[in-house]
Structure formats: structure tokens, C-alpha cells
Amino acid sequence: MSNVQQTYQLAQQQFADIGVDTETALNLLDKLPISMHCWQGDDVGGFEKGAGSLTGGIQATGNYPGKARTAVELRADLDKAMSLIPGKKRLNLHASYLESEHKVERNEIKPEHFANWVDWAKQNQLGLDFNPTYFSHPLSEEATLTHANKEIRDFWIEHGKACRKISKYFGKELGTASVMNIWIPDGSKDLVVDKFAPRQRLVESLDAIISEKIDPQYHIDAVESKLFGIGVESYTVGSNEFYATYAATRGTALCLDAGHFHPTESIADKISAVMPFIQHLLLHVSRPVRWDSDHVVLLDDETQAIANEIIRNQLFDRVHIGLDFFDASINRIAAWVIGTRNMQKALLKALLEPTAQLRQLENARDFTARLALLEEQKSLPWQAVWDMYCERHNVPVGRRWLDDVRGYEKTVLSQR
Ligand SMILES: C[C@H](O)[C@H](O)[C@@H](O)C(=O)CO
Ligand SMILES: [Mn+2]
């Protein structure tokens, strides 16, 4: 018996003592995919021919060597990262990660430009999610779906429609619905007199984009709000209230990004606030440091609180867990591995909680026992259960994954 198995057996007993079956927890964890975002691998650059620099009020800071320069390199990096992460994974692609010999305008992108991604996803048994790219483009400089100029607006509406076709293609080919998230950077650096008209135009543009009905078995629309971006500090058209109302009235999914709110707001608390009104919620689990800095996800209180809400309320099929960070100052593969494993650890910890018992105490207004048990829970040996999960999935236990990343850095990344 390996050390991991021995330690696991002891932990299993300790959890059994509080009424938690670790095997049930591990089985459930296996059913919770994490959608890893492609853009951590190349600092949100994408592979469009003649692409310019990153715009839209977001920034990947740092210059760590070895970033992926082609889709082939990015897939190889993802293969490496995914080989170090246990459990079910998906890949979240942006439209700007298309593959084509020639320049393709955003309103003309087609499923064929993503055929290699689909083949790769099939080989690796992954689902794909999607995002139209409403930034890093000459026509996005002033605004996109909210632009006062109808021609520009129409261009971006066409982009949205083209992306839905690609998303549907992903869903059909892979047998799992692709969640397509719309995020636009439109807003204003300084005071705005007419805040109403751009929001009215956004409603109309979004309505036009989603006008064609698509089977939710293949494709789910989502909309993502934001508080502010760099250069658009005073006004964001797609604010939280705007999109929460839009999603509730149009039946789309809502996307909550952990970095898109005031610093003391927690998206964990928002989950139960919106779920009574919407069918699907997409999460962008991220880590804002003072602003929407998109640092790598930690196993911190916020990540844990998000996981607790999903698990305690059994929102397994209605909450889609995506990641959204892009740190260019550290090894990019390590960033994926750290952030994704942390999200999984948080989910496992939540699955190991005796929620029914805690709920009973709460209903009986025994808040002393509730607090006592919640705190005791923190020092139970969840890590032994996590190690068992890694061992069963043939991925490195503990810090050993870092050796693999270092090896890859030496043989592959340093040659770029
Ligand atoms: C690259 C993504 O679309 C982007 O991060 C978006 O989801 C966002 O969060 C913008 O701040
Ligand atoms: Mn996001």
C-alpha cells in the first residue's frame, strides 16, 4: 500500500466519524468540470493574422519567457498543464484563437477555423466553451455593440452571430453544450451625460445576436458584467445590474467574474441571489488584487466560499465553473496548474463538509455549534483525500507537478 493510500484510509475514517463519505465526495468531484481558459497560455494574444496589441482595458503584465506563439504550441502547453491536473476539464476558447492561413475578419469567422481545436478536444475528451472577441481590434477602439455608429455596431453583431454558430458546432461535435460568454469593454474614461442610450443600444444589439434560437443541448449564451476597465473608469455600459436584468428577462446565463466588482464584494454571495431568477450561471474564478488584475486563483477564502455555494446548494448542473486569469510574470503552465488545482481543492473541501448537519444546527438556531464545527472542519485531513484523488488520476501528488513543469520549461519553452 502506498503512503498516499495509508494516509487516505486514516483520513477516510476521520471524515466517516463526522458522517462524510470520502468516496462519494471523490465521485462527485469527478463530475465537476473546470473550464480552463486558453488565454493564460499566451497573454490573451490570440492567433489572428496581423493582430495588434491587447486592448479593451485589460492587461497581462510580465514577460516570462516561453509563451505560446501558435495554436500548435498552445495545445502542447495545454496538454502539459492538463496532464498535471486531475479530473474533468474543458477548454474555454476566444474567437481570436482561430486558425487560418489568411486574415479572416471577425464577422466572417466560421466553424472551419476551429476544426483543429475540435479534433484536439475529441482526442482529449474535452468539452469546449467559447467567447466572441470584442477587443484588440481597430473597430473596438471606441465601442463595439454600443457604438452610436450603426455600421460598427452591425459589424460586432455579425461577429456575435458568427460566434454562436461556432459555439453550436462545438456543442454538436463534442456532445456537450458550449457556454458562449459575451463580454464587451464598452465604457467611458470620464463623466458621461447620456448613460441611457448606449445601454438601450446594447439591449438591441444583444437581442439581435441571440435572435436565432439554438438548442441549449449544444449552446448556451452568457453575458458578463464589469465594474470598470483601464481607460474606462467612470462608466461601463454592461454593468452588473444591466446584465443581471438582461439574463433574467432573456433567459441567458449570467457570468460573474470575481474581479469585476468592488473590492469587498464577493461573487460567492451573489450566487444564491441570482440563481432563483436564472437557469445557468457561468463563473469566471479569478483573483483581483486591488483591481481586476487577474492574478492566479489561490486556495483562499473567496475561492472556498464560491465552491461552498456551488456544493451546498447542489448547483452542479446549473453553475459552469470557468477560470479567468492571465499572469505573464510566472511560468504560464504553472499558472494554469496552480489555479485549476486550487479550484478543484476548494470543491473537494466543500464536498467533505457535513452540510446537512450544519444546516440542521442553523435551523435550530444553534449558532455556537455551527461556528464551532465550521472551524473544526478546516483542520480535518482533506489534503489526504486530495492526494488520493491525484494518485487515482495518475497526476503528480503534492508539489511534484512542479518538476514536470520545470522539465518542460527546459526542453520546450526555453527553445521558443
Ligand atoms: C479575456 C476574457 O474575455 C476577459 O478576461 C473577460 O472575461 C474579462 O473578464 C474582462 O475583464
Ligand atoms: Mn472574465
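Remember, predicted model here, so these are calculated numbers, not experimental data. Note that ligands are numbered from 1 as they come in the structure, with each ligand's atoms numbered from 1 the same way.
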Quiz item: N/O of His260 under 3.5 Å from N/O of ligand 1, yes or no?
Solution: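 By distance alone, the answer is yes.
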Quiz item: Mind checking whether Glu224 has an N or O less than 3.5 Å away from an N or O of ligand 1?
Solution: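 Yes, Glu224 has an N/O under 3.5 Å of an N/O on ligand 1.
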Quiz item: Would Tyr218 and Tyr169 count as a ring-ring contact (aromatic ring centres under 6.0 Å, His included) if you check the C-alpha gap in whole Å, the side-chain angles of each, and the deciding distance to 0.1 Å?
Solution: CA-CA 8 Å; Tyr218 304 128; Tyr169 156 73; over 10 Å; no
Practice problem: Inspect the contact between Arg416 and Glu73 and indicate whether a charged nitrogen and a carboxylate oxygen are less than 4.0 angstrom apart. | Solution: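 So Glu73 pairs with Arg416 through a salt bridge.
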Quiz item: Any salt bridge between Asp207 and Arg250, counting N to O under 4.0 Å?
Solution: yes
Self-check item: Pair His94 and Phe135, ring centroids less than 6.0 Å apart
Solution: yes
Taking the side chain as everything from C-beta on, heavy atoms only, tell me whether [X] gets closer than 4.5 Å to [Y].
X	Y	value
Val237	Lys226	no
Phe261	Ser225	yes
His113	Glu99	no

Atoms of ligand 1, numbered as shown, that sit under 4.0 Å from any heavy atom of [X]:
X	answer
Phe326	5 (O)
Asp257	9 (O)
Lys226	10 (C), 11 (O)
Asp292	11 (O)
Ile58	10 (C), 11 (O)
His284	7 (O)

Quiz item: Using a distance threshold of 2.8 Å, what protein N/O/S atoms lie below it relative to the Mn ion (ligand 2)?
Solution: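 Metal shell, protein only: Glu224 OE2, Asp257 OD2, His284 ND1, Asp324 OD2.
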Quiz item: Between His159 and Phe155, does a ring-ring contact (aromatic ring centres under 6.0 Å, His included) hold up when you go through it step by step?
Solution: CA-CA 6 Å; His159 177 57; Phe155 172 84; 7.3 Å; no
Quiz item: Does His37 come within less than 4.0 Å of ligand 1, judged by its heavy atoms?
Solution: no
Quiz item: Asp324 near ligand 1, heavy-atom distance under 4.0 Å?
Solution: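 The answer is yes: ligand 1 sits under 4.0 Å from a heavy atom of Asp324.
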Exercise. Measure the distance from atom 3 (O) of ligand 1 to every protein heavy atom, then report the residue, atom name and distance (to 0.1 Å) of the closest one.
Key: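 Scanning the protein heavy atoms, the shortest distance from atom 3 (O) of ligand 1 goes to His94 NE2, 2.7 Å.
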Quiz item: Which pairs with one or both residues in residues 263-277 pass side-chain hydrogen bond (donor to acceptor under 3.5 Å, both in side chains), sequence neighbours excluded?
Solution: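 Non-adjacent pairs meeting side-chain hydrogen bond (donor to acceptor under 3.5 Å, both in side chains): Glu265-Lys270, Ser266-Glu302.
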Exercise. May I ask you to check if Arg106 and Trp156 form a cation-pi contact, with NZ or CZ under 6.0 angstrom from the six-membered ring centre and within 45° of the axis?
Key: no
Practice problem: Check Leu323, Leu256, Asn92, Ile267 against His284 for a side chain to side chain contact (heavy atoms under 4.5 Å, CB included) and give me the one that passes. | Solution: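 Among Leu323, Leu256, Asn92, Ile267, the one meeting side chain to side chain contact (heavy atoms under 4.5 Å, CB included) with His284 is Asn92.
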